[in-house]
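Only this structure's heavy atoms are used, side chains among them; waters, hydrogens and symmetry mates stay out. Being a predicted model, the structure only gives us computed values, none of them experimental.
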Amino acid sequence: MDSSSASFVGNRYWILRHGKSIPNERGLVVSSMENGVLPEYQLAPDGVAQAQLAGQSFLKQLEESNISLDKVRICYSPFSRTTHTAKVVAQVLNLPFDSPQCKMMETLRERYFGPTFELKSHDKYPEIWDLDEKDPFKGPDGGESADDVVSRLTTAMLSMEAEFQGCAILVVSHGDPLQMLQNIMHSAKQHNSGGGGDSGLGLAERIQMSRVASVLSQHRKFALLTGELRPLV
């Protein structure tokens with residue numbers, strides 16, 4: 001399994017954006033922890049179907065890679081829409097959700113867009129992404145910048161790397177955090193391709209080198225649809 005993963009990580013990673021949620025259907029920004037965990041903001045029926053399809057696709061990819069289910073870990077954001085998605089996937093894989101194979105991680109939570117945007121129309125997202133392109137170190141008022149999110153995603157990745165070895169990890173999170181995670185890991189991988197002294201760098205060093213405006217501002221290139229599954233690294 002190691003031969004298929006990048007040399008600077010000890011696991012293989014897939015990412016899954018939560019299925020279509022009730023906030024998605026209602027066109028609402030629900031990004032605070034306080035609101036995000038409420039049961040009324042879990043998956044819409046379409047989102048449950050998307051999560052089931054994603055689970056089936058993940059299972060197929062595991063089988064094609066000869067990865068046994070005992071090596072699978074599902075790490076998920078505590079928001080109700082991501083917890084609901086992770087539960088559905090665990091059911092498809094026949095993994096008990098209350099087992100150590102499924103782990104809630106607060107560091108995978110949604111990006112907090114601040115009080116100005118909370119529970120407002122999701123038509124406001126482009127305003128925030130414009131801000132990210134101009135200065136990824138500056139967040140919306142009272143909210144997280146792109147770099148703030150990358151900082152806690154780095155903590156999440158290092159925590160998973162420390163806890164698991166030789167596993168297939170499914171990271172169930174949200175649109176912005178998963179764009180940023182793909183962006184930063186894509187950049188981290190580039191430090192291999194140049195040869196020279198970079199190839200021996202660990203994950204933390206690679207991410208730190210990638211936390212520059214020219215990289216952080218580009219996360220929208222990695223946008224995911226609801227219920228979309230992708231290999232990460």
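- Side-chain heavy atoms closer than 4.5 Å link hydrophobic residues (I, L, V, M, F, W, Y) into clusters, and following such links, possibly through other members, connects L203 to L181.
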Checklist entry - Is there a side chain to side chain contact (heavy atoms under 4.5 Å, CB included) between N11 and E161 once you walk through the steps? => result CA-CA 7 Å; N11 301 289; E161 282 290 290; 2.9 Å; yes

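- Interatomic distance, CG of L178 versus CD1 of I15, reported as 5.0 Å (0.5 Å rounding).
- The shortest side-chain heavy-atom distance between R81 and N24 does not fall under the 4.5 Å cut-off.
- When the side chains of ILVMFWY residues are joined at heavy-atom separations under 4.5 Å, either directly or via intervening members, L170 and V88 end up in two distinct hydrophobic clusters.
- Within the model, atoms CH2 of W129 and CG of D176 stand 6.0 Å from one another, a figure rounded to the nearest 0.5 Å.
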Item to check | Working for side chain to side chain contact (heavy atoms under 4.5 Å, CB included), residues Q61 and L229 | outcome: CA-CA 11 Å; Q61 290 180 46; L229 174 78; 3.5 Å; yes

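- The CD atom of Q50 lies 8.5 Å from the OG1 atom of T85; values are rounded to the nearest 0.5 Å.
- Under a 3.5 Å cut-off, the side chain of D132 and the backbone N or O of S217 do not form any donor-acceptor pair.
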I'd like a table of donor-acceptor pairs (distance under 3.5 Å, sequence neighbours excluded) in which one partner is a side-chain atom from residues 89-102, with atom names and distances.
unit_1, atom_1, unit_2, atom_2, d
S99, OG, P96, O, 2.9
S99, OG, Q101, N, 3.2
Q101, NE2, L69, O, 2.9
Q101, NE2, V72, O, 2.9

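- In this structure H174 satisfies the ring pair (Phe, Tyr, Trp, His ring centres under 6.0 Å) test together with H18, F79, sequence neighbours excluded.
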Next on the checklist: As a quick check of understanding, evaluate side chain to side chain contact (heavy atoms under 4.5 Å, CB included) for V171 and M160, giving each step before the final call.
Outcome noted: CA-CA 10 Å; V171 176; M160 290 184 280; 4.0 Å; yes

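- Atoms CE and CD, on M185 and Q190 in that order, are 11.5 Å from each other to the nearest 0.5 Å.
- Here F58 pairs with W14 under the ring pair (Phe, Tyr, Trp, His ring centres under 6.0 Å) rule; sequence neighbours left out.
- Of all the heavy atoms in V215 and S210, the pair that sits closest is CB-O, 3.3 Å.
- Here F222 pairs with H186 under the ring pair (Phe, Tyr, Trp, His ring centres under 6.0 Å) rule; sequence neighbours left out.
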Checklist entry - Going through the checks in order, is the side chain to side chain contact (heavy atoms under 4.5 Å, CB included) test met by T83 and Y76? => result CA-CA 6 Å; T83 303; Y76 60 95; 3.7 Å; yes

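- The pair K103-E163 meets the salt-bridge criterion, with a side-chain N (NZ, NE, NH1 or NH2) lying under 4.0 Å from an Asp/Glu carboxylate O.
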Anything under 3.5 Å between a donor and an acceptor, one on a side chain of residues 26-45, the other on a protein residue two or more places apart or in another chain? List them.
unit_1, atom_1, unit_2, atom_2, d
S31, OG, F113, N, 3.1
S31, OG, E118, OE1, 2.7
S32, OG, N35, N, 3.1
S32, OG, N35, ND2, 3.2
S32, OG, E118, OE2, 3.2
N35, ND2, E118, OE2, 2.8

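- Heavy atoms of other residues, nucleotides or ligands lying less than 6.0 angstrom from CG of D70 number more than 12.
- Inter-residue side-chain proximity for L232 and I169 is flagged as unmet; no heavy-atom pair is nearer than 4.5 Å.
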Output a table of donor-acceptor pairs, distance under 3.5 Å, between side-chain atoms of residues 143-157 and any protein atom two or more places apart or on a different chain; print 'none' if there are none.
unit_1, atom_1, unit_2, atom_2, d
E144, OE1, Y112, N, 2.9
E144, OE1, R152, NH2, 2.8
E144, OE2, R152, NE, 2.9
S145, OG, D147, N, 3.4
S145, OG, D148, N, 3.0
S145, OG, D148, OD1, 3.4
S145, OG, D148, OD2, 3.2
D147, OD1, R211, NE, 2.8
D147, OD1, R211, NH2, 3.4
D147, OD2, R211, NH2, 3.0
D148, OD2, S145, N, 2.9
R152, NH1, T107, O, 2.9
R152, NH1, R109, O, 2.9
R152, NH2, R109, O, 3.3
R152, NH2, E110, O, 2.9
T154, OG1, V150, O, 2.7
T155, OG1, S151, O, 3.3

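- With hydrogens and angles ignored, the 3.5 Å screen pairs no side-chain donor or acceptor of Q208 with any backbone N or O of A204.
- S121 places a side-chain N or O within donor-acceptor distance of the main-chain N or O of D123, the cut-off being under 3.5 Å.
- Placement of L59 and L53 in two distinct hydrophobic clusters is found when ILVMFWY residues are connected by side-chain heavy-atom separations under 4.5 Å, directly or transitively.
- Note: the hydrophobic cluster containing I22 does not contain V48 (ILVMFWY, side chain heavy atoms under 4.5 Å, direct or indirect links).
- R230 and A223 make their closest contact through NH2-O, 2.9 Å (heavy atoms, listed as atom of the first residue, atom of the second, distance).
- Inter-residue side-chain proximity for L108 and T82 is flagged as unmet; no heavy-atom pair is nearer than 4.5 Å.
- Separation of atoms CG (N66) and CD (E64) is listed at 9.5 Å; rounding is to 0.5 Å.
- In this structure a side-chain-to-backbone donor-acceptor pair under 3.5 Å is missing from E127 to K124.
- Heavy atoms only, all atoms of each residue included: V212 and M209 are closest at CG1-O, 3.9 Å.
- When side chains are defined from C-beta on, S21 does not count as touching T226, because their heavy atoms never get closer than 4.5 Å.
- Here the straight-line distance linking atom CZ of R17 with atom CD of E228 works out to 9.0 Å at 0.5 Å rounding.
- In this structure the side chain of F164 never reaches within 4.5 angstrom of the side chain of K71, judged on heavy atoms.
- Both L16 and M104 are members of a single hydrophobic cluster when ILVMFWY side chains are connected at heavy-atom separations under 4.5 Å.
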